[in-house]
**Student:** 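Below is the structure I would like to discuss, written out as structure tokens.
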Amino acid sequence: MTSNSIKNNFFDIYKTIEQNAQNAGRKAADVTLVAISKRQPMERIREAVIEAGHRVFGENRVQEAKEHWTNLKAEYPDIKLHLVGPLQTNKTKDAVALFDVIETLDRPKLADALKTEMEKQGRKLPCFIQVNTGDEPQKSGVRVEDLTDFLFYCTKECGLDIAGLMCIPPADEPSAMHFALLSKLAQENGLAETSMGMSSDFEKAIPLGATYVRVGTALFGERD
Ligand SMILES: *Cc1c(COP(=O)(O)O)cnc(C)c1O
């Protein structure tokens, strides 16, 4: 894959986002593209930053994110890095130091650890609560019926900054109903942001209100 095609991929996806936003009567600027760089070679990641000029990225593992982003973030301080994978409490220190947004807050113990670590480091990162909209036993995320109590715990007990909600729909169900549910839950709970939609379905998430879409392979090509 040449640098040209990474850059073109970004511009194609920007255009698709813009068209889908327009068709839905929304502003393209209200939909942020989180480029998911997990398991991609550094060469492609640097192309996205340098050639395409993109600045918002996502990773699903803390250790790999450190390898990908420690130097690039020092070089380009306006890069914003989202954690989109599960976070173990023993990694919160590194996660709070490196990331700018935590999208996968899903349990009280993690809320406690994030509160402690953010206070210690003087970094108050916006967080998304991950919701298990498909109620899948193997998947992270709070259950829909526990969301309001958990949100209260995060904001009132822990003083965390909860920006919105995030979901990963079940692989074998139409994602649109999960996107609609997540938007409704965000609205009911007074939250402005929703992170939903990946390469295969971000176009469906935009008319359903996504303010962040997380796209990997459509930008970078197949992962290792
Ligand atoms: C890998 C990943 C994505 C991107 O998936 P693609 O299908 O490559 O676009 C989005 N969200 C999460 C949480 C991921 O882990």
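Just follow the structure's listing: the first ligand is 1, and inside any ligand the first atom is 1.
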**Student:** For ligand 1, which atoms sit closer than 4.0 Å to a heavy atom of Ile168?
**Tutor:**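 This gives 13 (C) as the contact atoms.
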**Student:** Counting non-hydrogen protein atoms only, what is the nearest one to atom 9 (O) of ligand 1? Give residue, atom name and distance.
**Tutor:**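 In this structure, atom 9 (O) of ligand 1 has Ser199 OG, 2.5 Å as its nearest protein heavy atom.
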**Student:** Is it true that atom CD of Gln187 has more than 12 heavy atoms of other residues, nucleotides or ligands lying nearer than 6.0 Å?
**Tutor:**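 No - once you tally the heavy atoms of other residues, nucleotides and ligands closer than 6.0 Å, there are 12 at most.
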**Student:** Is the closest N or O pair between Ser200 and ligand 1 shorter than 3.5 Å?
**Tutor:**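 No, Ser200 has no N/O under 3.5 Å of an N/O on ligand 1.
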**Student:** Is there a path of hydrophobic side-chain contacts, each under 4.5 Å between heavy atoms, that joins Trp69 and Tyr76?
**Tutor:**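 Yes, Trp69 and Tyr76 fall within the same hydrophobic cluster.
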**Student:** Hey, which atoms in ligand 1 end up nearer than 4.0 Å to a heavy atom of Gly216?
**Tutor:**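 Counting from 1, the qualifying ligand atoms are 4 (C), 6 (P), 8 (O), 9 (O).
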**Student:** Is there a side-chain contact between Phe128 and Leu191, using heavy atoms and a 4.5 Å cut-off?
**Tutor:**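 No; the side chains remain at least 4.5 Å from each other.
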**Student:** Which of the listed options, Arg214, Lys38, Met196, holds the heavy atom that is closest to atom 14 (C) of ligand 1?
**Tutor:**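 Comparing heavy atoms across Arg214, Lys38, Met196, the nearest one to atom 14 (C) of ligand 1 lies in Lys38.
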**Student:** List the atom pairs, donor and acceptor, that lie under 3.5 Å between side-chain atoms in residues 151-159 and the rest of the protein, sequence neighbours left out.
**Tutor:**
from	atom 1	to	atom 2	distance (Å)
Tyr153	OH	Asp112	OD1	2.4
Tyr153	OH	Asp112	OD2	3.3
Thr155	OG1	Leu151	O	2.9
Thr155	OG1	Phe152	O	3.4

**Student:** Would Val131 and Tyr212 show up in the same hydrophobic cluster when neighbours are defined by side-chain heavy atoms closer than 4.5 Å?
**Tutor:**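 As far as the 4.5 Å side-chain criterion goes, Tyr212 and Val131 are not connected within one cluster.
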**Student:** Could you tell me, atom by atom, which parts of ligand 1 come under 4.0 Å of a heavy atom of Thr217?
**Tutor:**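 Listed by number with element, the hits are 6 (P), 7 (O), 8 (O), 9 (O).
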**Student:** Report yes or no: does Arg223 have a heavy atom closer than 4.0 Å to ligand 1?
**Tutor:**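 The answer is yes: ligand 1 sits under 4.0 Å from a heavy atom of Arg223.
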**Student:** Around atom 10 (C) of ligand 1, find the nearest protein heavy atom and jot down its residue, atom name and distance.
**Tutor:**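 Checked against all protein heavy atoms, atom 10 (C) of ligand 1 sits closest to Met198 SD, 3.2 Å.
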**Student:** In a table with atom names and distances, give each donor-acceptor pair under 3.5 Å that connects a side chain of residues 103-110 to protein atoms at least two apart or in another chain.
**Tutor:**
from	atom 1	to	atom 2	distance (Å)
Glu103	OE1	Ser195	OG	2.6
Glu103	OE2	His82	ND1	2.6
Thr104	OG1	Gly85	O	2.8
Arg107	NH1	Leu87	O	3.3
Arg107	NH2	Leu87	O	2.7

**Student:** I'd like to know if Phe179 and Leu185 are part of one continuous hydrophobic network [Ile/Leu/Val/Met/Phe/Trp/Tyr, side-chain heavy atoms within less than 4.5 Å].
**Tutor:**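 The answer is yes; both residues are in one hydrophobic cluster.
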**Student:** Among Val215, Val84, Leu83, Val213, which one puts a heavy atom closest to atom 13 (C) of ligand 1?
**Tutor:**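 Minimum heavy-atom distance to atom 13 (C) of ligand 1 goes to Val84.
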